[in-house]
Amino acid sequence: MAAKDRRSPYLHIAALAIPTFGQLIAEPAFILIDTAVVGHVSSAALAGLSIGSTIILTTVGLCVFLAYGTTSQVARLIGAGRKRQGLEAGIDGMWLALIIGVVVSLGIVAFSRQICAFMGAEGQVLSQATTYVNAVVFGLPGMLLVYAANGIFRGLQKVRITLIAAITGAVINTVLDIVFVVMLHWGILGSGIATLIAQWVMSIMLIVPAVMWAVKEGASCLPRIAGIASSASDGLPLFIRTLALRASLFMTVVAAARMGQQVLAAYQGVNATWNFALNVLDAIGISGQSLVATALGAKKRQETRFMVHASSTAGMWMGVFTGGVMVLLGFTATGLFSPDAQIQHLIMVGMVVQAVFLPLCGWMWAMDGILIGAEDYRYLAATCTLTSVVYVLALWGLTSLNWPNDAWRIAMLWAAINVFFIGIRAISNALRTRGDVWIEHAIGSHAER
């Protein structure tokens, strides 16, 4: 392959990753903005936001297959020259997102207080967490529709509109946070309402053009039972994979809650920043996913193999960059999350520990995107489930030890996440992508459809 050709995959990745990052940071950006504003209300409100936002992010994260699965299906069908069928698969994903969003929102609002209490919230923290969850929960259908619609745009490799929608949502959320929380003094309730409104605005901005594009290509926009069922079936292994990963993060918050209000509040500050950084890395993974799925649909083995190298390299170097930024923020910007000097110190410790591992995170997330693009969902489900079991057991053992102080505790939490949760996944992904079994399996399964 000529030098010019070898540069083009990196340009492709950048062209897709930058706008994709805009969409990916929507929900974490909302939480980050909420954290910065609510952190100045009270430490109980910040700790309550840590519980409430984890519930919301976990729920949204569990439904990530709506975006990942749709991206792979649309890109694969387009790569095979079947654009109309690809768009119809995307519309099926949007109907599935709406159904899931409504059902899940009703379930969460019915048991919100019990869920928050299960996570370790008590007293004022429990009250604050429940208030936030009840305020924001009916934005979930809108956010899941955003996920599914973005799967269409990623598969088409037309992702600029996702950046516009994300920026609009972030601006609306920020302005309304200031109005509701700072000016009207609604506290954490106002923060949740601001996020809900921003989620639905983003949803409308993406649903309308997605439907217009489908109609233009002659695709049906009516609900198709068979198509919705197929999307759900294809997404089941990916859902299991995500469930295992989210369960690990869920248990991390439970562990932080049991270490006290200050550790939990500090964990929220680091976690909000980490989620933001991970979505920078995930944007590269999703770009590789889209390009790999398209190459596999066209049965281009050599191009697929080269994308593995290009995507993983780009992910690793982006991890180096984001790690440097996180260290800088750790020493200069912790005051954005809390006026409490002790909590600021704990946030700084957590950020520095996390920054060390971000290059590994970037490499691993890129490999995840490659395997998702190949629809290697069963392998990912199996390895991620095993990873989560090992991580939770390790976390339980580590939290049982008598650590000297809160700084050691917050450092231990973030080191454990990266050594066990990220590290084992990195090893399993590397073992899979070294061979060609996943490529041949993907091409063979595509040919059968």
Side-chain angles (χ1 to χ4, degrees), residues 14-38 49 53 56-57 59-61 63-64 66-68 70-71 90-91 93-94 97-98 101 105 132 135-184 186 189-214 272-273 275-280 282-284 286-287 290 336:
L16 292 173
I18 294 172
T20 296
F21 168 67
Q23 182 273 321
L24 287 174
I25 64 169
E27 194 69 17
F30 294 159
I31 300 300
L32 189 63
I33 293 165
D34 290 349
T35 300
V37 175
V38 172
L49 180 64
S53 64
I56 298 302
L57 285 173
T59 305
V60 172
C63 298
V64 73
L66 294 168
Y68 289 166
T70 302
T71 298
I91 296 297
M94 288 172 59
L98 180 61
S105 295
Y132 180 80
V136 76
V137 69
F138 285 108
L140 278 177
M143 203 64 214
L144 298 189
L145 281 166
V146 167
Y147 270 43
N150 271 287
I152 296 176
F153 292 116
R154 293 176 195 169
L156 291 168
Q157 298 183 23
K158 298 180 181 295
V159 292
R160 190 173 302 172
I161 189 172
T162 66
L163 178 61
I164 297 172
I167 292 173
T168 302
V171 170
I172 290 174
N173 192 50
T174 303
V175 172
L176 292 182
D177 255 340
I178 294 172
V179 172
F180 294 160
V181 180
V182 179
M183 298 174 63
L184 298 180
W186 289 0
L189 173 66
S191 181
I193 293 173
T195 299
L196 178 146
I197 293 172
Q199 288 170 328
W200 276 108
V201 170
M202 284 182 60
S203 175
I204 293 170
M205 289 182 65
L206 294 174
I207 291 171
V208 172
V211 170
M212 291 177 63
W213 201 290
T273 310
N275 276 303
F276 195 89
L278 288 186
N279 280 284
V280 176
D282 204 18
I284 294 176
I286 289 173
S287 301
S290 177
L336 293 174

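By the neighbour-count criterion of 12 heavy atoms within 6.0 Å, atom CH2 of W213 is sparsely surrounded, having that number or fewer from other residues, nucleotides or ligands.
Under the 4.5 Å side-chain criterion, counting only non-hydrogen atoms from C-beta, S191 is not in contact with V37. Taking the side chain as every heavy atom from C-beta outward, I152 and M94 approach each other to under 4.5 Å.
Across P141 and W200, no two heavy atoms sit closer than the pair CB-CZ2, 3.7 Å. Closest non-hydrogen pair, L196 versus A135, comes out as CD1-O, 3.3 Å. Of all the heavy atoms in A194 and L176, the pair that sits closest is CB-CB, 3.5 Å. The heavy-atom pair separating M202 from V146 by the smallest distance is C-CG2, 3.8 Å.
With rounding to the nearest 0.5 Å, the separation of CG in L189 from CG in L184 is 10.5 Å. Considering CG of L163 and CD1 of I167, their distance stands at 4.0 Å, rounded to 0.5 Å. How far CG of N150 is from CD1 of I161: 9.0 Å, rounded to the nearest 0.5 Å. Rounding to the nearest 0.5 angstrom, the gap separating the CG atom in N173 from the CD1 atom in I197 is 9.5 Å. The OG1 atom of T273 lies 11.0 Å from the CG atom of L278; values are rounded to the nearest 0.5 Å.
Between the side chain of S105 and the main chain of F138, no donor-acceptor pair closer than 3.5 Å is present. Between the side chain of S203 and the backbone N or O of Q199, no donor-acceptor pair lies under 3.5 Å.
Under the ring pair (Phe, Tyr, Trp, His ring centres under 6.0 Å) criterion, F180 pairs with W186, not counting sequence neighbours. By the side-chain contact (heavy atoms from CB on, under 4.5 Å) test, A36 pairs with no residue at all, sequence neighbours left out. Residues meeting the side-chain contact (heavy atoms from CB on, under 4.5 Å) test with A97, sequence neighbours left out: L66, L144, L145, A148. Listed by chain and number, the residues in a side-chain contact (heavy atoms from CB on, under 4.5 Å) with T174 are I33, I178 (sequence neighbours excluded).
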